Amino acid sequence: MPELPEVEVIRRDLEKEVVGRKIRKAEVRSTKNAMRIIRRHKNRKDFESALVGAKISSIDRLGKYILLHLDNQMALVIHLGMSGQLLQCKASAAVENHTHVVLDFTVGGQLRYIDPRTFGEMFVSPKGDLGEVKELQKLGIDPLEQPLTWQYFSETLANKKTKMKGLLMDQKFICGIGNIYSDEILFLAGIRHDRESDSLSSSDVRRLYRAIHEILQDAIKYRGTSADDEQYRDLYGAVGEYSQFLKVYQREGQPCRRCRTPVERSRWSNRSTFYCPQCQV
DNA sequence: GTTTAACCCTGCACGC
DNA sequence: TGCGTGCAGGGTTAAA
């Protein structure tokens, strides 16, 4: 599942590859679930006509959302969901299964949206209306883009009484962290997933604050994570290299890289959580 | 205020 | 071998 690091890698690559390109043709393909991807639009034409002829002027990221700003005062908003992928390729390249949307540039090939599980979505909105998109409105602090102040961070933890894993994954608090990186951040900070936020000492909070930045920056450096069952691929179809540095995620039964205790897995709100019972307290 | 469960869909593992 | 069934997976949201 693409989380903040993967989405940021894609954003940076899009900035290099598609800014300045003009969309010659936009096609919502006739796949079984293509309409699910553009579910906010009433029909294909409504989506396609907003894009044709526009030039991409800049790329933004808000949490796990990618925003392609267009020179026609519209913005193309993309959320990759669980299995969404943006692929830059030549127009002549074979079309992969589950390719739902294709943007054809006047120069520079195509940008394709592929999504087997169709949890992702794309929509076009007037730039002036982006502030009214409720999913974007509710997003909390983006730890890379906005300064996550020590005061806000520690006060929020102290004022809530919720389990740490849930809080880290709460997009209204900090946006961009999902299941993989919440496990890795909590391991690095030495904090269990089920610790309640108001039980953290000031040194716990300090370690956690550092771990958020360190893990996310490292994951971006290695171009994200493509874990065993993850289908994440970058803009060029390559897997992320951070998988080899994972300390706990999907390492159930394997020795902890720090203390050799077998990594455990538990269920939290129907999600798998991986942790070291020795290093995390 | 917080937690839980259901929903969305596909691919894979497993059993017959 | 082939088919059918059940479940995992994450974000969101409604319900508890």
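Since this is a predicted model, take the numbers as computed values, not measurements. Residue numbers start from 1 in every chain, and the chains themselves are labelled A, B, ... in the order their sequence lines are given, proteins ahead of strands.
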Of the listed nucleotides ([options]), which one gets closest to any side-chain atom of [X]?
| X | options | result |
| --- | --- | --- |
| A/Arg36 | C/dG9, B/dC8, C/dG11 | B/dC8 |
| A/Lys160 | B/dT2, C/dG11, B/dG11 | B/dT2 |
| A/Phe119 | B/dC8, C/dT12, B/dT10 | B/dC8 |
| A/Arg265 | B/dT10, C/dG10, C/dA8 | C/dA8 |
| A/Arg117 | B/dG11, C/dG10, C/dG9 | C/dG9 |

Kindly say if [X] contacts the phosphate of [N], meaning a side-chain N or O under 4.0 Å from OP1 or OP2.
| X | N | answer |
| --- | --- | --- |
| A/Lys163 | B/dT3 | yes |
| A/Ser83 | C/dG9 | no |
| A/Thr162 | B/dT3 | yes |
| A/Tyr249 | C/dG10 | yes |
| A/His98 | B/dC9 | no |
| A/Asn179 | C/dG9 | no |

Can you check the [X] [atom1] to [N] [atom2] distance for me, whole Å?
| X | N | atom1 | atom2 | answer |
| --- | --- | --- | --- | --- |
| A/Gln85 | B/dG11 | CD | P | 14 Å |
| A/His193 | B/dT3 | NE2 | C1' | 15 Å |
| A/Arg195 | B/dT3 | CZ | P | 15 Å |
| A/Asp170 | C/dG11 | CG | P | 11 Å |
| A/Asn33 | B/dC8 | CG | C1' | 10 Å |
| A/Ile114 | B/dT10 | CD1 | C1' | 15 Å |
| A/Tyr65 | C/dT12 | OH | C1' | 9 Å |
| A/Leu80 | C/dT12 | CG | P | 12 Å |

Measuring from atom [atom1] of [X] to atom [atom2] of [Y], what distance do you get when rounded to the nearest 0.5 angstrom?
| X | Y | atom1 | atom2 | value |
| --- | --- | --- | --- | --- |
| A/Ile141 | A/Leu139 | CD1 | CG | 11.5 Å |
| A/His41 | A/Glu121 | NE2 | CD | 8.5 Å |
| A/Ser201 | A/Ile191 | OG | CD1 | 7.5 Å |
| A/Ile174 | A/Tyr181 | CD1 | OH | 15.5 Å |
| A/Lys55 | A/Leu68 | NZ | CG | 15.0 Å |

Quiz item: So, A/Glu15 side chain and A/Arg11 main chain: donor-acceptor pair closer than 3.5 Å or not?
Solution: no
Quiz item: Is a donor on one side and an acceptor on the other found under 3.5 Å between the side chain of A/Lys64 and the backbone of A/Glu6?
Solution: no
Self-check item: Helix axis bend for the helix from B/dT2-C/dA16 to B/dC16-C/dG2 - C1'-based end axes, five pairs, 10° rounding
Solution: 50°
Quiz item: Taking atom types as they are modelled, is there a donor-acceptor pair under 3.5 Å from the base of C/dG9 to the side chain of A/Arg271?
Solution: no
Quiz item: Of A/Phe245, A/Tyr242, A/Phe187, which meets side chain to side chain contact (heavy atoms under 4.5 Å, CB included) against A/Ile215?
Solution: A/Tyr242
Quiz item: Considering residues, nucleotides and ligands other than A/Lys247, do more than 12 of their heavy atoms fall under 6.0 Å from its NZ?
Solution: yes
Listing time: all N or O pairs from protein to nucleotides 13-15 of chain C that are below 3.5 Å?
from   : atom 1 : to       : atom 2 : distance (Å)
C/dT13 : OP2    : A/Lys138 : NZ     : 2.9

Quiz item: Is it the case that A/Asp60 and A/His69 place a side-chain donor and acceptor less than 3.5 Å from each other?
Solution: yes
